[in-house]
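Owing to the predicted nature of the structure, the values given are computational and were not obtained by experimental measurement. Remember, it's 1-based here, ligands and their atoms both numbered in the order they're listed.
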Amino acid sequence: MFSLYQKLSKFFASDIGIDLGTANCLVFVKDKGIVLSEPSVVAIAAGTKEVLAVGGDAKRMLGRTPGNIKAVRPMKDGVIADFEITEDMLRYFIQKARSFVPRSRRFLSPRVLVAVPSGITEVETRAVKDSAQRAGAGEVFLIEEPMAAAIGVGLPVAEPSGSMIVDIGGGTTEVAVISYSGIVEKRSIRVGGDEMDAAIMQHMKRAYNLTVGERTSEDIKINIGSAYPQDENNKMDVKGRDIVSGLPKTIEISEEEVRNALQEPITSIVEAVRGTLERCPPELAADLIDRGIMLAGGGALLKGLDQLLAEETGLPVFVADDPLTAVANGTGFVLQEIDAVDRAHSAMARH
Ligand SMILES: Nc1ncnc2c1ncn2[C@@H]1O[C@H](COP(=O)(O)OP(=O)(O)OP(=O)(O)O)[C@@H](O)[C@H]1O
Ligand SMILES: [Mg+2]
């Protein structure tokens, strides 16, 4: 039986979809679209849990804060590393999103749909639900990230033929084959953009005795990182600190050496895709020859990753138009669907 609250919330609560990502958090408000897109970073007062800034403001502080402020990323490897801080971050985003909800709909807690990695455990599932609830959500629903991404980029998930989505985020890469609105085969590895950044950092240390921060290595990846040869003349000046002398130093690096540095995480991603294809039922695998593979998530923007995957699998590979918003848009579509189903049920109940 539905409680009165549930009945009311169907018509009066706002619906919010959240892509709770390791690197970025996006919030979708029904009928409004994506209203927020901020890095999943929280600045706290050192030694306490007092939140000083969330999102973009906090990310700008990463690696630059004085001793009394700590900028942290509460989500690691696609899962919650620090529950309390994640909850604070969720609360901030949910509150901020509610300002986009029409006033008449603000008096009830919003129904919230959260996209979570498909490799998430029971305990983590519970934790996300509890955190969202304590952060101000009413009913909380969860959806697996690859399913949300596939819906968000417009793959025909409900059809009987197979589609493949590869979502390369900051902490995880999720590979899934979807058919009849269900995930038939999947693989989730805790390798994504963060591992690429770490690999670049390590390379700078080994090759040049240069320490660079997280943000610099991400810049290197975005500017001249690649998974497949692009332009051999691509070079970049990198500033960091010399390990031996302790002084600031500038080094010029090439696209080729960054590609070599990225080899390990890239190979893991290629292996995850190949492994999923190998385990995929033959009929669905056959569908993929025509359909190809769709890439989403920020990592899909790494230059040449599509070319490498095409070469390694022999299948056509496409990059989503806006890979960073795929999951959030997917939650939006699902919210509209839930709404339509609710309305249909209510209409039936009246008859
Ligand atoms: N142009 C680019 N080239 C390469 N990598 C990029 C580019 N733009 C963004 N990225 C990377 O994409 C990652 C963020 O992607 P996304 O926002 O999809 O992750 P997320 O959803 O927060 O993480 P997860 O899904 O693992 O929880 C970061 O590692 C970022 O450095
Ligand atoms: Mg993601």
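- Near Gly193, meaning under 4.0 Å from one of its heavy atoms, ligand 1 places the atoms 29 (O).
- The N/O atoms of Glu145, backbone and side chain alike, include one that comes under 3.5 Å of an N/O atom in ligand 1.
- Counting only heavy atoms of the protein, atom 27 (O) of ligand 1 lies nearest to Thr22 OG1, 2.5 Å.
- Annotation: Gly170 places an N or O atom under 3.5 Å from an N or O atom of ligand 1; distance criterion only.
- Counting heavy atoms closer than 4.0 Å to ligand 1, residue Lys221 contributes side-chain atoms (C-beta onward) but none from N, CA, C or O.
- Atoms of ligand 1 lying under 4.0 Å from any heavy atom of Ala23, numbered from 1 in the order shown and given with element: 14 (C), 19 (O), 20 (P), 22 (O), 23 (O).
- When only non-hydrogen protein atoms are considered, atom 30 (C) of ligand 1 lies nearest to Glu218 OE2, 3.2 Å.
- Nearest protein heavy-atom contact of atom 17 (O) of ligand 1 is Asn24 ND2, 2.8 Å.
- Residue contacts with ligand 1, taken as heavy atom pairs separated by less than 4.0 Å, do not involve Asp167 at all.
- Looking at ligand 1, you won't find any N or O of Ile222 less than 3.5 Å from one of its N or O atoms.
- Gly298 O, 3.8 Å is the protein heavy atom nearest to atom 9 (C) of ligand 1.
- With 2.8 Å as the limit, Glu145 counts as an N, O or S neighbour of the Mg ion (ligand 2).
- The distance criterion of under 3.5 Å between nitrogen or oxygen atoms is met by Gly171 with respect to ligand 1.
- Ranking protein heavy atoms by distance to atom 21 (O) of ligand 1, first place goes to Gly21 CA, 3.8 Å.
- With ligand atoms numbered from 1 in the order given, ligand 1 contributes 12 (O) to contacts under 4.0 Å with heavy atoms of Gly299.
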